[in-house]
Each structure stands twice: as C-alpha cells, then as structure tokens.
Amino acid sequence: QLINDNDRNEISFILSFPRITSVNESYRAKINWVNGKPVAQIYKSADVKKEFAVITDQLKMIDFDKEAPWLKTAKALDLTFQVTFSANFFKRDLDNTIKTFQDAIFKHLGLNDSKVVSLHGWKTIMPGAQEELICVKLKESSFQYMIQGNTEQEEPKRKKRRTSKA
C-alpha cells in the first residue's frame with residue numbers, strides 16, 4: 001500500500017512479513033585467525049539476508065523516482081515507523097527492529113541514512129495476526145537542524161562496500 005503526497009514531499013508505504021526480526025537476531029559473531037591472532041567478525045545471519053531480500057522485493061513495487069522524486073535532492077529527512085507485531089509485544093525491541101528496516105530501505109533507495117534528522121517510532125500489537133507490518137513514512141524535513149553557522153554542509157557520500165567471498 002502506497003500513500004503519496006508530492007505537495008508536501010512525503011511518501012508512506014506498508015511492508016508485511018510473516019515475522020519481523022530485530023538487529024539482535026540478525027547478526028552473528030565468530031572468531032577468525034589472522035596472522036596467528038584472533039579477530040572478531042560480525043556477519044549477517046541467513047534470516048536477515050532473507051528479510052533484506054523480502055524488503056527489497058516489496059520496495060521494487062514502488063517507483064520512487066515517479067512517486068517521490070524529491071527524495072534524491074532532499075537535504076534532510078524525517079522518518080517514521082509503526083511496527084505492528086502479532087505476539088510477544090513486551091519482548092520485542094522497537095529500536096533494533098527499526099534499524100534493520102532503515103538500513104534496507106536506504107540501501108534500496110541508494111541514499112545515506114545519515115540524511116535522517118528526525119526519527120519517530122512506535123509499536124503496536126495485533127494478536128494472532130498472520131503477518132507483521134512495518135508502516136513507513138518518509139518526509140522532507142523542515143526541522144532546523146543547524147543551530148548556527150553555515151546550513152549548506154557537505155552531504156555525506158555513500159560508501160561502496162567491498163564484498164569478499166569466503
């Protein structure tokens with residue numbers, strides 16, 4: 001579902017999942033040995049890789065260039081999440097859930113998530129629901145984020161990550 005308000009430079013959409021995972025469930029750690037010394041390595045679990053793929057597939061259904069062309073030129077963004085869980089309301093972390101989805105959405109958009117100057121989130125429960133939902137609203141921010149000085153700061157460049165095959 002997509003709600004678009006180009007007059008206010010705002011777009012809202014809903015993503016659905018059988019079960020939403022959090023950052024705590026998404027990453028694993030292992031020890032690699034480099035030059036005879038132990039080095040900790042953090043890596044994404046298979047579950048989070050599947051979830052990123054599901055997020056990307058759902059986001060591909062939205063033509064962001066057509067529906068929200070202002071996203072590419074917006075200097076700052078407000079981001080709002082409503083996470084609807086089906087169970088374990090007080091055992092599920094809101095902020096860890098948000099980070100997983102924020103990363104996936106901004107990677108899909110090709111934007112640096114450091115453009116987010118205002119982040120809002122809340123969680124709700126729909127007991128026994130077959131799917132869990134993430135309602136997302138992205139809006140060009142009118143927040144006065146610069147207290148004093150030059151408001152035309154250099155925008156961050158998105159770093160390209162090198163991938164290595166193990």
Which heavy atom of Ala129 sits nearest a heavy atom of Ser86, and at what distance? O-CB, 3.5 Å
Would a single hydrophobic cluster contain both [Y] and [X], if residues Ile, Leu, Val, Met, Phe, Trp and Tyr are joined by side-chain heavy-atom contacts under 4.5 Å?
{"X": "Leu79", "Y": "Trp122", "answer": "no"}
{"X": "Val116", "Y": "Ile105", "answer": "yes"}
{"X": "Leu59", "Y": "Leu77", "answer": "yes"}
{"X": "Phe17", "Y": "Ile125", "answer": "no"}
{"X": "Val39", "Y": "Ile42", "answer": "no"}

Apply side chain to side chain contact (heavy atoms under 4.5 Å, CB included) to residues Val117 and Asp78 and explain how you reach the verdict. CA-CA 6 Å; Val117 297; Asp78 296 330; 4.1 Å; yes
Could you measure the distance from the [atom1] atom of [X] to the [atom2] atom of [Y]? Nearest 0.5 Å is fine.
{"X": "Ile11", "Y": "Lys139", "atom1": "CD1", "atom2": "NZ", "value": "14.0 Å"}
{"X": "Phe13", "Y": "Glu67", "atom1": "CZ", "atom2": "CD", "value": "12.0 Å"}
{"X": "Thr21", "Y": "Arg92", "atom1": "OG1", "atom2": "CZ", "value": "8.5 Å"}
{"X": "Leu15", "Y": "Asp57", "atom1": "CG", "atom2": "CG", "value": "11.0 Å"}
{"X": "Lys123", "Y": "Thr97", "atom1": "NZ", "atom2": "OG1", "value": "8.0 Å"}
{"X": "Asn9", "Y": "Leu138", "atom1": "CG", "atom2": "CG", "value": "11.5 Å"}

Does the side chain of Cys135 reach to within under 4.5 Å of the side chain of Phe81, using non-hydrogen atoms? no
Evaluate the side-chain proximity of Ser16 to Gln58: yes if any heavy-atom separation is below 4.5 Å, no if none is. yes
Which residue is it: Asn96, Thr100, Leu94? I am looking for the one with a side-chain contact (heavy atoms from CB on, under 4.5 Å) to Ile98. Leu94
Show your working on side chain to side chain contact (heavy atoms under 4.5 Å, CB included) between His108 and Ile55 and close with a plain yes or no. CA-CA 9 Å; His108 175 77; Ile55 295 167; over 6 Å; no
For a side chain to side chain contact (heavy atoms under 4.5 Å, CB included) check, start with the C-alpha distance between Phe101 and Ile20, then their side-chain angles and the critical distance, and finish with the verdict. CA-CA 10 Å; Phe101 283 86; Ile20 297 168; 3.5 Å; yes
Do the side chain of Asp63 and the main chain of Lys66 share a donor and acceptor less than 3.5 angstrom apart? yes
Using a strict threshold of under 4.0 Å (side-chain N to carboxylate O), is an ion pair present between Lys99 and Asp113? yes
Take Lys72 and Phe64 through the side chain to side chain contact (heavy atoms under 4.5 Å, CB included) test and state the conclusion after the steps. CA-CA 9 Å; Lys72 297 289 185 194; Phe64 285 97; over 6 Å; no
